[in-house]
Participant: 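If you scroll down you'll find the structure; I have some questions about it.
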Protein chains: 2
Amino acid sequence: MVVDGMADESAETVDRLFHALADATRRDILRRCVRGELSVSRLAAAYPMSFAAVQKHVTVLERAGLVTKERRGREQLVRTEPDAVRRARQALDELESAWRARVDRMSGLLARDAGATTGPVTPARDGTTTEGTDR
Amino acid sequence: MVVDGMADESAETVDRLFHALADATRRDILRRCVRGELSVSRLAAAYPMSFAAVQKHVTVLERAGLVTKERRGREQLVRTEPDAVRRARQALDELESAWRARVDRMSGLLARDAGATTGPVTPARDGTTTEGTDR
DNA sequence: CCCATCTACAACCATTTGGTTGTACGTTAG
DNA sequence: CTAACGTACAACCAAATGGTTGTAGATGGG
């Protein structure tokens, strides 16, 4: 289910996404560009590092799909791509929903336990913990 | 503007968070543990790498605050920490909200433009580029 | 035309990362 | 007690990262 259509790529795609977000300079570049597209050289002027270093950061953001570059005369304007942020959020949602599902299951079990009718329901498979009652 | 209370640390904290999420194995560990806590050795059995490697991945997740370890006899149970996922989402929200603010501003300008000019011109819309003269 | 600017890219270096193996230590089972 | 299991940690290695400098190609202004 869940439309795994491109499940293959999504692993590497998500890798690149989060990797790009895992650097303070790159997040700052995103914040600046989200307020209005900027040329690479103007961006570079804002950081205590070389032009080439900033250029590399922009490349990482670009390969992650977080920004796009557009030529304008001799400058290259960098702009953020809002869809990518949404994809990242979606990846987090997946984790969070899994957690929520687990909580739901647990509270369901708890409610049932309270009622005492313990049927053959117990999914020992999940826990994989054979250690129910050692000790 | 909700100035992030603890903006100092949050940079490194967010770094660690996204870095931990930028690896398919670690994301898989999270998915497994969110369904129920698992011992490190049981986790290790699920991947085509050594125990020590998985141990390192768990350490990365732990330092990012994404999981906690709890000793149980001679095993160490790993469980996900849902708050961390929310922190990551919050960091994304920050970016997305900035983008939304910009869109609001733009649609305001567009509404004004609609009645004014129809030419191939782009009015001096790049106000941002001129204001940032820090040189 | 000439020059200054902006960009692209290669080569290089230090550090980190992700993986391995090996060893040591605490805990539980027989 | 001893053996087996689960963990922790150090040492080591190849590859990727994040940074530097240097060189070269386009583009626009005077």
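Throughout, a chain's letter reflects where its sequence line sits, starting with A, and its residues are numbered from 1. The analysis underlying the following values was restricted to heavy atoms, covering all of them including side chains, and did not include hydrogens, waters or symmetry mates. Just so we're clear, the structure is a prediction, and the values are computed from it rather than from any experiment.
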Participant: Between C1' on D:dG22 and CZ on A:Phe51, what's the gap in Å once rounded to a whole number?
Facilitator: 14 Å
Participant: Indicate whether OP1 or OP2 belonging to D:dG19 is found under 4.0 Å from a side-chain N or O atom of A:Ser50.
Facilitator: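 So the side chain of A:Ser50 is outside the cut-off, no N or O lying under 4.0 Å from OP1 or OP2 of D:dG19.
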Participant: Using 0.5 Å steps for rounding, measure from the CD atom of A:Gln55 to the OG atom of A:Ser41.
Facilitator: 10.0 Å
Participant: Got a sec? Which of residues 56-69 of chain B come in under 4.0 Å of DNA chain C, heavy atoms?
Facilitator: B:Lys56, B:His57
Participant: Quick one: do B:Arg42 and B:Glu75 satisfy side-chain contact (heavy atoms from CB on, under 4.5 Å)? Show the steps, please.
Facilitator: CA-CA 10 Å; B:Arg42 194 166 285 274; B:Glu75 295 181 335; 5.8 Å; no
Participant: Report the distance from atom CG of A:Leu77 to atom C1' of C:dC6, rounded to the nearest whole Å.
Facilitator: 11 Å
Participant: Would you indicate which nucleotide in C:dC6, D:dT7, C:dG26 comes nearest to any side-chain atom of B:Arg74?
Facilitator: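 Of C:dC6, D:dT7, C:dG26, C:dG26 is nearest to the side chain of B:Arg74.
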Participant: Tell me whether the NZ or CZ atom of B:Arg32 lies within the 45° cone about the ring axis of B:Tyr47 and under 6.0 Å from its centre.
Facilitator: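 Yes, B:Arg32 and B:Tyr47 form such a contact.
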Participant: Could B:Arg31 and A:Glu94 be called an ion pair, given the rule that one side-chain N must be under 4.0 Å from one carboxylate O?
Facilitator: yes
Participant: Check the distance between C:dA8's C1' and A:Glu75's CD and give it to me in whole angstrom.
Facilitator: 15 Å
Participant: Can you tell me if A:Ser41 touches the phosphate of C:dT5, counting only side-chain N or O atoms and a distance under 4.0 Å to OP1 or OP2?
Facilitator: no
Participant: I want to confirm an ordering. Mapping A:Gly73 and B:Arg71 to their closest nucleotides on DNA chain D, which one lands closer to the 5' end?
Facilitator: B:Arg71
Participant: Scan B:Ser39 against the nucleic acid and name what it touches under 4.0 Å (heavy atoms): base, sugar-phosphate only, or nothing.
Facilitator: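 Sugar-phosphate contact only.
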Participant: Looking at the side chain of A:Gln55, which of C:dA8, D:dT7, C:dC6 is the nearest nucleotide?
Facilitator: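 Among the listed nucleotides, the one closest to the side chain of A:Gln55 is C:dA8.
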Participant: Mind calculating the distance between OH (A:Tyr47) and P (D:dG18) to the nearest angstrom?
Facilitator: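 One finds 15 Å between P of D:dG18 and OH of A:Tyr47, rounded.
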Participant: Just the rounded figure in Å: distance from P of C:dG18 to NE2 of A:His19.
Facilitator: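 Distance, rounded to whole Å: 10 Å.
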Participant: Rounding to a whole Å, what distance do you find between A:Arg16:CZ and D:dT17:P?
Facilitator: 11 Å
Participant: Which nucleotide sits closest to the side chain of B:Met49: C:dT20, D:dT21, C:dT7?
Facilitator: C:dT20
Participant: Would you check if A:Val40 and A:Val78 make a side-chain contact, meaning some heavy-atom pair closer than 4.5 Å?
Facilitator: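 Result yes, sub-4.5 Å side-chain heavy-atom pair found.
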Participant: What is the separation between atom CZ on B:Arg72 and atom C1' on D:dT7, rounded to the nearest whole Å?
Facilitator: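 Distance check: B:Arg72 CZ to D:dT7 C1' gives 17 Å.
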Participant: For a side-chain contact (heavy atoms from CB on, under 4.5 Å) check, start with the C-alpha distance between A:Arg79 and A:Val67, then their side-chain angles and the critical distance, and finish with the verdict.
Facilitator: CA-CA 5 Å; A:Arg79 99 176 50 170; A:Val67 305; over 6 Å; no
Participant: Expressed as a whole number of angstroms, how long is the span from B:Gln76:CD to C:dG26:P?
Facilitator: 15 Å
Participant: Identify the heavy atoms of A:Glu96 and B:Arg86 that sit nearest to each other, and give their distance.
Facilitator: OE2-CG, 3.4 Å
